[in-house]
Amino acid sequence: MDTQIKPEVQTGEAPRKRGAAGGYNPQAIESKWQKVWEEMGLNHASDDDPRPKFYNLVMFPYPSGDLHIGHWYNFVGADVYGRFMRLNGYNVMQPMGFDAFGLPAENAAIKRGVQASKWTYSNMANMRQQFKTMGAIWDWEREIASCDPEYYKWTQWFFLKLYEAGLAYRAKAAVNWCPNDKTVLANEQVLANGTCERCGAIVEKRDLEQWFFKITAYADRLLEFKDIEWPEKTKTMQTNWIGRSEGARINFTAEAQDGTVHSIPVFTTRPDTIYGVTFFLLAPEHPLVAQLVTPEQKAEVEAYVQKARSETEIERQSTEKAKTGVFTGAYATNPVTGQKIPIWITDYVLMGYGTGAVMGVPAHDQRDFEFARTMNLPIVLVYQPEGQQINSDEMTEALVHEGNLVNSGPFNNLPDSPETVKRFIDYIAEKGMGEAKVNYRLRDWLISRQRFWGAPIPMVYCPQDGIVPVPEAQLPVLLPDEVEFKPGGESPLNYVPEFVNTTCPKCGGPARRETDTMDTFMCSSWYFLRYTDPHNDQQAFDPAKVRRWMPVDQYIGGPEHATMHLLYARFFIKALKDMGIVEFDEPFKRLFHQGMILSEGRKMSKSKGKTIAPDRLVSENGADAVRAFLMFLGPFDKGADWNDKTEQLLVGIARFLNRVWALSNDYGEGKFSENSNAIVDSSAEARIRRAMHKTIERVIADYNVFQFNTVLSALMEFSNTLFKIVEESPTVQQGEAWDTAIDTLLVMLAPICPHMTEELWQARGHADSIHVQSMPIYDPALAADEVVTIVIQINGKVRDRLDVPAGMGEEEVKARILSSPKVTAVVGDSKPKKVIYVAGKLINIVV
RNA sequence: GCCCUGGUGGCGGAAUGGCAGACGCGGCGGUCUCAAAAACCGUUGGGCUAACACCCGUGUGGGUUCGACUCCCACCCUGGGCACCA
């Protein structure tokens, strides 16, 4: 492929036409070039292109119906980066598709009686057209939609693979239930205040048989982040979400009412405080509660359990400060001390974490401390700060991480340290009372959804054979075309007998299909693999093609997916690697989170807040201006808040584009010298080259870090400089430096304004597309100034400036400055205390 | 409460420890025009000045340094994440 911009005039090229493009009329040129590029296949990334590959991926959108300005911001930024990488010589693959299953389609079906598939496909058609006005390099030949049977066939296939690998299982679980959406939600979809992420309704708990993926089996590997460049923030969020903590599992014992002795394990990170245990806590849902409770306490305990169960998350949290609980009447035995301690139930112990049982150490755990104070339970210190004798009655809060052990038998005087913790674990393990244990905050991934518009889970329930997977040859399990929506907790698929009733793949007898569908995060956990081979009807993908394109070199999407999609996709790939389906461990090599466009401080979405449509802005100013304007709002990771003043910035961009247009067309006919015999001012040419190379340096550096706003600033400065130079020295435009400068300006601007720069490029007589050129190469020698300005500071304050030739030696510069009238006036005859000289930049005279 | 961001003109925002406010919007003044718009030129942090000069200025208070928007400590506020995780 062509072509580095050569510093000299290229011989053998047709003579340059000038001013051929006429006035800048974006509407006329944009659709023209979009068509030309499409016909050329410019945006299609071929599998056998010899250039190095670059997989530039942006999170695929949900087909909500219309692209709003926030979508534009997101996708334009991704496209600018992809175009930049293409100019860097890469074979850029930049696909687009739709994350097309999900609730809104179903809600539309319920509300408006339109079939979910019709709604979705017509939205996609509309958005595809809108996407095309953007002038991005989407490779439409690779388009996918996760609701296509050709796609979800393989989503189901992956489910079967996970099932075969023992990573999918069915279990009854207290699940998050949204009473409004009538579906189960993943933990990730429940907001901190206990409400539904989608609709805001208060989430309830229900026990249901559900399908889970064993993401917890990968917890440690998910903490690794090996060889990936991700924002620290995102890695921290995932790390905290996984929530690894090391400690011990210790078996306490307790006698039930019927006389059986039960071993009740607890998890603790502080086994070293076991001599300070004064009570034992169980979660209200703990299965042993009913067997342990004494007849006298039964009524009170049952009432508490009932209350805790009926309470929603939000209600449990509203009582956060005050500790509550009930004594069971039973006692547990501390295996280390042999002591008997009362067993209480309390809702601050969670059934879902650890073992649902906790040893209460009020002296050294703040929650236990509060509980003990509320319930009047004893507090025993097992750590005392050096040289102090704290009395538990005087304590106002728990003592954490301080002092040396006391009241701890053979362990006395050991310091509060990881080594001490290890001593306890070794001791407990040796005596068979427990063992070292790592716990995670992460729960298994619940994927069942009681919804219609999703990929059906390919499982059959047979009265003879139990749970039977659908054989691969029978995939896909197709969704019925028409369904009826009825209120209630079940999937609408339950009411489609042709769907539900099937035969058992094993015995051939009558059986029922699973009617739940999969969480859409399942669809999005592998779509980036499908893009590499989107039309394969034999396999999910050809392994050679995945090897060719994966991993994704640059992934761009919002930070809101940090603990959901981005975590699930990593798990998915690791699982596939273990099954030998892929060969890499991490799907996304580099990750970038773009900022969000807010509308008066609120999120822009169809359901909440008002959306800004780009259509008017595009028809008035052209796509290039809107692209540049969005990128000029600020750094790409920051987003912007849209208000009355925001659009005003478009004026400046429009002016800039007109100026570039004018520069490239030699600023209107006859304004500058067209005398071809004129002598070209070589110092003006040197100025042009210096400005150009300084700009190249800045532009490349800023593109690389997604600072598109300062790319534009640099290009604006450069074009302003070109105007200034040509005004002063009109003959420069007869020389080679000028032509190179204009060409270079256009290439550097091309990723942001692809249509206009293409029009100008070809009007300037170039035969091929500007988008197959290369980024110019920065030459520091050509950027070097001949004269530098030395800032003169006295006591750190700027007092003067002095221009000196760039090569002048330190001694000479100092001598010149120290003898200058401004300096002598302040310094006088006295010798300065200190003189700091920064070569070519600054001198600071301390007096 | 814990973790992570950020705090700079009227506005969006620039600044490897070295000229704070690049670039752009808006404002003001001008050129062109019968006039307006557009375009172009000049100017634009605040204070005090006729002007030069000088002083003050990057959330607040300290510190390090010849020199701090930048580094360190404490605090205040904005945004995001987690939240009784034993």
Side-chain angles (χ1 to χ4, degrees), chain A residues 192-193 231-241 243-245 247 266-271 273 281 283 316-317 319-321 323 346-350 352-361 364-368 370-371 439-443 559-560 562-563 593 595-596 598 601 629 632-635 637-641 643-656 658-659 662 698 701-702 707 709-720 723 727 789-801 832-838 841-847:
Chain A
N193 63 4
E232 283 307 318
K233 193 186 154 108
T234 310
K235 290 194 279 184
T236 306
M237 273 173 72
Q238 290 202 351
T239 302
N240 293 342
W241 187 262
R244 183 181 204 276
S245 43
V266 299
F267 173 74
T268 177
T269 54
R270 299 300 307 268
T273 60
L281 298 168
R316 264 203 188 189
Q317 290 203 0
T319 60
E320 183 180 328
K321 288 295 161 211
K323 293 278 178 285
T346 177
D347 61 6
Y348 81 82
V349 173
L350 311 171
Y353 182 78
T355 62
V358 167
M359 61 184 213
V361 186
H364 306 292
D365 180 283
Q366 186 57 28
R367 293 154 301 177
D368 295 347
E370 287 164 23
F371 189 76
N439 244 318
Y440 301 93
R441 210 195 72 105
L442 183 73
R443 314 289 157 87
E560 67 274 14
T563 53
H593 294 305
M596 202 186 286
L598 303 172
F629 153 70
F632 193 59
L633 288 174
D637 58 358
K638 225 192 127 241
D641 189 11
N643 57 40
D644 303 342
K645 287 192 168 175
T646 311
E647 267 184 50
Q648 290 180 356
L649 291 176
L650 236 167
V651 176
I653 290 295
R655 282 184 193 143
F656 166 62
N658 276 314
R659 283 163 68 84
R698 287 169 64 186
D702 291 349
Q707 299 255 350
N709 57 328
T710 49
V711 167
L712 281 162
S713 294
L715 294 177
M716 285 172 178
E717 280 181 67
F718 183 43
S719 65
N720 290 345
F723 265 103
E727 289 273 2
T789 302
I790 307 291
V791 172
I792 302 169
Q793 293 186 342
I794 294 171
N795 292 333
K797 286 194 173 173
V798 180
R799 285 289 179 254
D800 204 3
R801 292 170 185 89
K833 238 195 252 169
K834 201 171 181 183
V835 177
I836 286 110
Y837 178 69
V838 183
K841 263 193 180 162
L842 167 142
I843 190 163
N844 189 10
I845 302 158
V846 187
V847 291

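Every chain is numbered from 1, with letters handed out A, B, ... down the list of sequences. Values below: all heavy atoms of this structure, side chains included; hydrogens, waters and symmetry mates excluded. Because the structure is predicted, anything quoted here is derived from the model rather than measured.
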For [X], answer base if it contacts any base atom (sugar-phosphate contacts may also be present), sugar-phosphate if it contacts only those atoms, and nothing otherwise; contact means non-hydrogen atoms under 4.0 Å.
X	answer
A:V846	sugar-phosphate
A:P635	sugar-phosphate
A:V791	base
A:T346	nothing

Every protein N/O lying under 3.5 Å from an N/O of nucleotides 56-59 of chain B:
from, atom 1, to, atom 2, distance (Å)
B:C56, OP2, A:K797, NZ, 3.4

Exercise. Looking at B:U65, does its base get a donor-acceptor pair with the side chain of A:K834 below 3.5 Å?
Worked result: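 Such a pair does not exist between side chain and base.
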For this session: Examine the base of B:C84 for any acceptor or donor lying under 3.5 Å from a partner atom in the side chain of A:K323, and report the outcome as yes or no.
Result: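 Donor-acceptor pair under 3.5 Å: yes.
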[atom1] gap between [N] and [M], integer Å:
N	M	atom1	value
B:A51	B:U60	P	30 Å
B:A37	B:U33	C1'	10 Å
B:C3	B:G24	P	42 Å
B:C4	B:A15	P	24 Å
B:C76	B:C19	P	32 Å
B:U78	B:C25	P	33 Å
B:G1	B:G7	C1'	23 Å
B:C23	B:G9	C1'	14 Å

Among residues at least two apart in sequence or on other chains, which ones pass side-chain hydrogen bond (donor to acceptor under 3.5 Å, both in side chains) with [X]?
X	result
A:D800	none
A:E717	A:R698
A:K235	A:E232
A:T710	A:D702

For this session: Identify, between A:K233 and A:Y353, the residue whose nearest nucleotide on RNA chain B lies closer to the 5' end.
Result: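 Looking at the nearest nucleotide for each, A:K233 comes out on the 5' side.
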For this session: Could you say whether A:Q793 or A:N439 is positioned toward the 5' end of RNA chain B, judged by the nucleotide with the nearest heavy atom to each?
Result: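 Mapping each residue to its closest nucleotide by heavy atoms, the 5'-most match is A:Q793.
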Given atom [atom1] of [X] and atom [atom2] of [N], what is their separation to the nearest angstrom?
X	N	atom1	atom2	result
A:I845	B:G67	CD1	C1'	13 Å
A:K841	B:A15	NZ	P	14 Å
A:D800	B:C52	CG	P	15 Å
A:N795	B:A68	CG	P	12 Å
A:M237	B:A83	CE	C1'	13 Å
A:L842	B:U65	CG	C1'	14 Å
A:L598	B:G6	CG	C1'	14 Å
A:F629	B:G13	CZ	C1'	14 Å

Which distance, rounded to the nearest 0.5 Å, do you find between the [atom1] of [X] and the [atom2] of [Y]?
X	Y	atom1	atom2	value
A:D637	A:K233	CG	NZ	11.0 Å
A:L649	A:L633	CG	CG	6.0 Å
A:Q238	A:T563	CD	OG1	7.5 Å

For this session: Any chance you could lay out the side-chain contact (heavy atoms from CB on, under 4.5 Å) test for A:K833 and A:I845, step after step, and finish with the verdict?
Result: CA-CA 8 Å; A:K833 238 195 252 169; A:I845 302 158; over 6 Å; no
Considering only side-chain heavy atoms of [X], which listed nucleotide, [options], is closest?
X	options	result
A:D347	B:C84, B:A86, B:G18	B:C84
A:R801	B:C19, B:A86, B:G18	B:C19
A:F267	B:A83, B:A86, B:A14	B:A86
A:V349	B:C55, B:A86, B:A83	B:A86

Exercise. Between A:Y348 and B:A86, does any side-chain N or O lie under 4.0 Å from OP1 or OP2?
Worked result: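 No, no such contact exists.
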Problem set entry | By salt bridge (charged side-chain N to carboxylate O under 4.0 Å, His left out) - contacts of A:R244 (at least two apart) |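 Only A:D220, A:E246 meet the salt bridge (charged side-chain N to carboxylate O under 4.0 Å, His left out) criterion with A:R244.
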Can you list the residues that meet the side chain to side chain contact (heavy atoms under 4.5 Å, CB included) rule with [X], with sequence neighbours excluded?
X	result
A:V358	A:L281, A:V349
A:T234	A:W230, A:P231, A:A562, A:L566, A:L591, A:H593
A:T236	A:N240
A:R655	A:V651

Problem set entry | Where the chi angle of B:G17 falls, syn if within 90° of 0 and anti if not |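 Here the answer is anti: the torsion falls beyond 90° from 0.
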Exercise. For RNA chain B, what dot-bracket results from Watson-Crick or G-U pairs at under 3.5 Å, with [ ] for crossers and | for inter-strand partners?
Worked result: ((((.((..(((.....[....)))((((((.......))))))(((......)))..(((((..]....))))))).))))....
Using nucleotides 21-25 of chain B, report all nitrogen or oxygen pairs with the protein that are shorter than 3.5 Å.
from, atom 1, to, atom 2, distance (Å)
B:A22, O2', A:E717, OE2, 3.1
B:A22, N1, A:S713, OG, 3.3
B:G24, OP1, A:N720, ND2, 3.0
B:C25, OP1, A:R655, NH1, 2.5
B:C25, O2', A:Q648, OE1, 3.1

Exercise. Counting N and O atoms only, with roles assigned by atom type, does the side chain of A:N709 sit under 3.5 Å from a partner on the main chain of A:F632, one being a donor and the other an acceptor?
Worked result: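 Flag not set: sc A:N709 to bb A:F632 has no pair under 3.5 Å.
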